[in-house]
Amino acid sequence: MKIATWNVNSVRARLERVLEWLREHQPDVLCLQETKVVDDAFPTEEFLRLGYAVAMSGQKTYNGVAIASRLPLQQLRVGLDDDTATSERRYLAATIDGVRVVSVYVPNGKDVELPAFRDKLAWLARLRQTLGRELSEGAALALCGDFNIAPDERDVYSVEALRGKLHFHPEEHRALQALQALGLRDAFRLHDPAGERFSWWDYRGGAFQRNQGLRIDLILLSDALARRSRRCTMDVAARTKDKPSDHIPVMVELGPSP
DNA sequence: ATGGTCGAATATCGA
């Protein structure tokens, strides 16, 4: 089973890139973030034509998550436990072939000095609460998405430039570690210890050409899935195409369930 | 050097 995640920065602006990527890489599941579209206007038909059912939780202009899958999407859950009708659309979960797949778009936080940063940490605490309920004993769960946190020093282009800053702040690291303490492993790090493997580069200032990026798009696997993980790749080529997203897809390949 | 580039919406905000 191949599970991928991609912050596409508008599913409508990126539709051709996304469909092309699905045709080329043939994942069973693709989690999307920053779809930036209400559910009624989601390009569902185009996914269906490629053989993917899709579940989405979107809103106008900002945020929005979705899960596309070749196999049926079951037991959908939209939003965190204590979300309300007006909450930002950042969490969607579905069970696919016995695997609980979660697509998350963690708040950016703007700047560590701003209230938005506190909101980010509060959202992560609520995510942990919700996942605590999703994660029953021995559950097969893949938490996929844009975490807006670079886990460690290997995941930033410059420790000096990022230390104490957004995406690399000790409080963000504490929040991510608290999540992982539920028993979630970073799929990419199960297979590749190297630094300078990034999933996002700013559109500005030629950041991609300078390889000034961050690894903030993650797939976190429960123990049951970590044992099945065969490889985890990030498709840097996606950033070299016309009109790319500022993020690239991350994909994990799982062996058969025992 | 406090910029720069996108997307959504059409002046600016969010990233």
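The sequence lines fix the lettering, A, B, ..., with proteins before strands; numbering per chain opens at 1.
- For the P atoms, the distance linking B/dT12 with B/dA1 amounts to 28 Å, nearest Å.
- Toward the 5′ end of DNA chain B lies the nearest nucleotide of A/Ala13, the other residue of the pair A/Ala13 and A/Trp200 mapping further downstream.
- In this structure, NZ of A/Lys60 is placed 6 Å from P of B/dA9, rounded to the nearest angstrom.
- Distance CD (A/Gln59) to C1' (B/dG14): 12 Å, rounded to an integer number of Å.
- Nucleic acid contact class of A/Tyr105 (heavy atoms, under 4.0 Å, all strands): sugar-phosphate only.
- Remark: the backbone N or O of A/Glu196 is not paired with any side-chain donor or acceptor of A/Arg215 at under 3.5 angstrom.
- Of the options A/Asp192, A/Leu218, A/Val250, a side chain to side chain contact (heavy atoms under 4.5 Å, CB included) to A/Cys232 is made by A/Val250 and by none of the others.
- To the nearest whole angstrom, the two P atoms, one in B/dT5 and one in B/dA11, are 22 Å apart.
- Distance from the side chain of A/Glu34 is smallest for B/dA15 among the nucleotides B/dA15, B/dT5, B/dA8.
- A/Phe147 has its ring centre no less than 6.0 Å from the ring centre of A/Tyr105.
- For A/Asn7 and B/dA15, the CG to P distance is 11 Å, given to the nearest whole Å.
- Atom CD in A/Gln209 sits about 13 Å away from atom C1' in B/dG4, given to the nearest Å.
- Residue A/Lys243 places at least one side-chain N or O under 4.0 Å from the OP1 or OP2 atom of B/dG7.
- Panel note: side chain A/Arg239, backbone A/Trp201; a donor-acceptor pair is recorded below 3.5 Å.
- Both A/Thr35 and A/Gly205 sit near DNA chain B, but only A/Gly205 has its closest nucleotide nearer the 5' end.
- Comparing B/dG3 with B/dA8, their P atoms sit 25 Å apart, to the nearest whole Å.
- Computed from coordinates, the A/Asn9 CG to B/dA9 C1' distance equals 14 Å when rounded to whole Å.
- For the P atoms, the distance from B/dA9 to B/dA15 is 15 Å, rounded to whole Å.
- With rounding to whole Å, A/Lys241 atom NZ is found 18 Å from B/dC6 atom P.
- Tested against A/Asp217, the residues A/Cys144, A/Pro249, A/Cys31, A/Ser199 include a single side chain to side chain contact (heavy atoms under 4.5 Å, CB included) partner, A/Ser199.
- Closest approach to the A/Tyr62 side chain among B/dT5, B/dA8, B/dC13 is made by B/dC13 (side chain taken as heavy atoms from C-beta onward).
- Atom P of nucleotide B/dG3 and atom CG of A/Asp202 are separated by 14 Å, given to the nearest angstrom.
- Counting to the nearest Å, the P atom of B/dA15 and the CZ atom of A/Arg14 are 16 Å from each other.
- Here the side chain of A/Thr61 is nearest to one of B/dA8, B/dC13, B/dT5, namely B/dA8.
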